[in-house]
Amino acid sequence: MFFHKVALVRIPAKTIDQGLRLKDIGTPDVKKAIRQHQKYCETLALFGYTLIVLPPDTQYPDSVFVEDPAIILKRMLIKGQMRKLERRGEEDAVYNALALYFRHHLAITDGFLEGGDVLITPHCLYVGISSRTNYDGAEQLAQIAKKYYALETKFIELPKHFLHLKGQVSFHRGEHTQYPGGLLMVHEELVNDFCDSAYHVIVTPHNERFGANAISDANQIMIHAGRPCTKKLLEKAGFRVTPLAMSEFEKIDGALSCLSKLFT
Ligand code: CIR
C-alpha cells in the first residue's frame with residue numbers, strides 16, 4: 001500500500017504528566033494534552049497526511065514524542081539510541097511501526113542519537129550535539145549519510161538550555177512562497193550556525209520559544225500559538241499560518257515536530 005504523505009503519531013499516555021522536563025514550568029493536564037494532540041492530528045490530515053496512529057503507552061510518559069526514537073533518511077529507517085533510561089525502549093515500537101514502509105534499515109549502535117537532534121535538508125544534514133545526542137551517535141549517522149547518500153553533515157553544539165536541535169530550527173521547501181529554493185527557520189540564538197546555509201534563513205526571536213519549530217506543506221505552515229512575530233514573518237514570506245495550542249507539550253519540552261514522524 002502506498003500513500004503520498006504519511007505521519008506516524010502516538011496518542012498521549014495518561015502518564016504524560018510524569019514526562020521529563022529540563023525545568024518545572026507546570027505539569028501537563030492529561031485531558032488537555034489529548035485535545036491538543038487531536039487538533040494537531042486534524043491539522044496534519046488537512047495538510048494532506050495519512051496518519052498511522054499508535055496507541056498510548058503508559059509505561060513511557062514521553063512516548064507521544066515519536067520523533068525521537070528513530071531517524072528517517074530518504075528511503076532508510078534508522079533506529080536511534082535514546083539517552084535517558086526513562087525513554088529507552090521506545091525505539092522498538094516506533095521502528096516496528098515504520099519498518100514495512102522502508103526498503104533499507106539500519107540502527108545506531110555507537111553512542112546516543114535522538115531524532116529530535118537530526119535536521120535533514122536536501123543539501124546537508126545538521127545534527128545537534130546535546131544532552132541527548134553525543135558525538136559517537138552523530139558521527140555514525142554522518143557516516144551513513146555520506147556512504148549511502150553522499151550527504152555532508154554539520155554538527156551543532158547546543159547550549160544546555162535547549163533540549164534538541166529541532167526545537168530551534170526547521171526546514172521548509174518553500175515552493176509557492178517567496179523562497180522557492182527552500183528556507184530555514186532558525187531561533188535567534190543559533191543563527192551563526194546556519195550563516196553558510198544554502199537556504200533563505202528566517203530568524204525567529206529569542207523570546208518566542210519553539211517559534212522556529214514549524215511544519216509546512218506547500219504554502220501552509222503550522223506553528224506554536226502565541227508567537228506573533230514568527231507568525232508575521234511567515235505571512236510576509238507568503239505562508240498561510242495555522243497556530244496550534246501546544247501548552248501541555250511545551251511544559252515537558254515538546255514542540256510540534258516532536259509529535260510525529262513524517263515521510264513520503
Ligand atoms: C524528553 O525530555 O525527552 C521529552 N519530555 C521531550 C522530547 C521532545 N522531543 C523533541 O524535541 N524532539
Side-chain angles (χ1 to χ4, degrees), residues 7-30 33 36-37 40 44 54 56-73 78-91 93-95 98 108 112-120 125-134 137-138 141 156 158-171 185-187 189-190 204 208-215 222-224 244 246-263:
L8 177 80
V9 294
R10 170 159 239 163
I11 309 283
K14 60 177 190 275
T15 50
I16 192 172
D17 51 0
Q18 294 156 40
L20 296 168
R21 60 208 81 174
L22 288 174
K23 68 173 185 204
D24 199 3
I25 54 165
T27 299
D29 176 291
V30 179
Q36 290 182 346
H37 191 263
Y40 173 79
L44 282 176
L54 294 179
D57 184 347
T58 49
Q59 192 192 340
Y60 294 106
D62 285 299
S63 54
V64 70
F65 301 116
V66 291
E67 175 175 61
D68 297 323
I71 295 98
I72 291 171
L73 181 58
I78 303 169
K79 198 193 277 192
Q81 191 128 267
M82 305 292 286
R83 181 111 198 202
K84 286 293 218 186
L85 277 180
E86 294 90 331
R87 299 198 64 185
R88 233 173 265 167
E90 287 180 33
E91 297 94 331
V94 170
Y95 179 83
L98 293 177
I108 295 299
F112 298 100
L113 181 75
E114 297 193 357
D117 276 319
V118 181
L119 178 72
I120 298 169
L125 215 67
Y126 297 93
V127 181
I129 305 300
S130 67
S131 59
R132 300 296 181 81
T133 294
N134 62 12
L141 181 67
I156 297 179
L158 286 185
K160 287 273 172 282
H161 54 276
F162 290 147
L163 179 67
H164 285 124
L165 176 67
K166 282 179 72 182
Q168 335 310 326
V169 52
S170 55
F171 173 75
M185 292 171 65
V186 182
H187 184 280
E189 225 179 301
L190 293 190
T204 65
E208 295 196 350
R209 186 182 182 218
F210 295 137
N213 186 282
I215 296 175
M222 61 174 109
I223 63 168
H224 286 241
L244 287 186
M246 289 284 292
S247 59
E248 304 317 294
F249 303 104
E250 290 163 9
K251 288 174 183 167
I252 49 172
D253 305 319
L256 285 167
S257 73
C258 316
L259 294 173
S260 57
K261 224 54 230 171
L262 306 179
F263 60 99

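Bear in mind the structure is a predicted one, so any value in this text is a computation, not a measurement. We use all heavy atoms of the structure for the numbers below, so side chains are in, but hydrogens, waters and symmetry mates are not. One-based numbering, in listed order, for ligands and for the atoms of each.
Under a 3.5 Å cut-off, the side chain of His187 and the backbone N or O of Asn213 do not form any donor-acceptor pair. For Lys261 (side chain) and Val94 (main-chain N/O), no donor-acceptor pair under 3.5 Å exists by modelled atom type.
To the nearest 0.5 Å, the span separating CZ on Phe65 from OG on Ser260 amounts to 11.5 Å. Taken from CD in Gln168 to OG1 in Thr204, the straight-line distance is 8.5 Å, to the nearest 0.5 Å. Atoms SG and CD, from Cys258 and Glu250 in turn, are 10.5 Å apart once rounded to the nearest 0.5 Å.
The one candidate from Arg83, Arg87, Arg132 that meets the side-chain hydrogen bond (donor to acceptor under 3.5 Å, both in side chains) condition with Asp68 is Arg87.
Residue contacts with ligand 1: Arg21 is placed with no nitrogen or oxygen under 3.5 Å of a nitrogen or oxygen of the ligand (distance criterion only). Ligand 1 has a nitrogen or oxygen under 3.5 angstrom from a nitrogen or oxygen of Ile252. Between Leu20 and ligand 1, an N or O atom pair is found at a separation short of 3.5 Å.
Comparing Gly116, Gly115, Cys258, Ser63 by heavy-atom distance to atom 11 (O) of ligand 1, the nearest is Cys258. Ranked by closest heavy atom to atom 8 (C) of ligand 1, the top entry among Asp253, Leu259, Leu256 is Asp253. Relative to atom 7 (C) of ligand 1, the option among Asp68, Leu22, Val66, Asp62 with the closest non-hydrogen atom is Asp68.
Residues Asp117 and Ser130 bring a donor and an acceptor atom of their side chains to less than 3.5 Å of each other.
Within the 4.0 Å heavy-atom criterion, the part of Arg132 lying near ligand 1 is the side chain and not the backbone.
Remark: ligand 1 atoms within the under-4.0 Å shell around heavy atoms of Phe65 are 4 (C), 5 (N), 6 (C), 7 (C).
Between Arg87 and ligand 1 there is a heavy-atom distance shorter than 4.0 Å.
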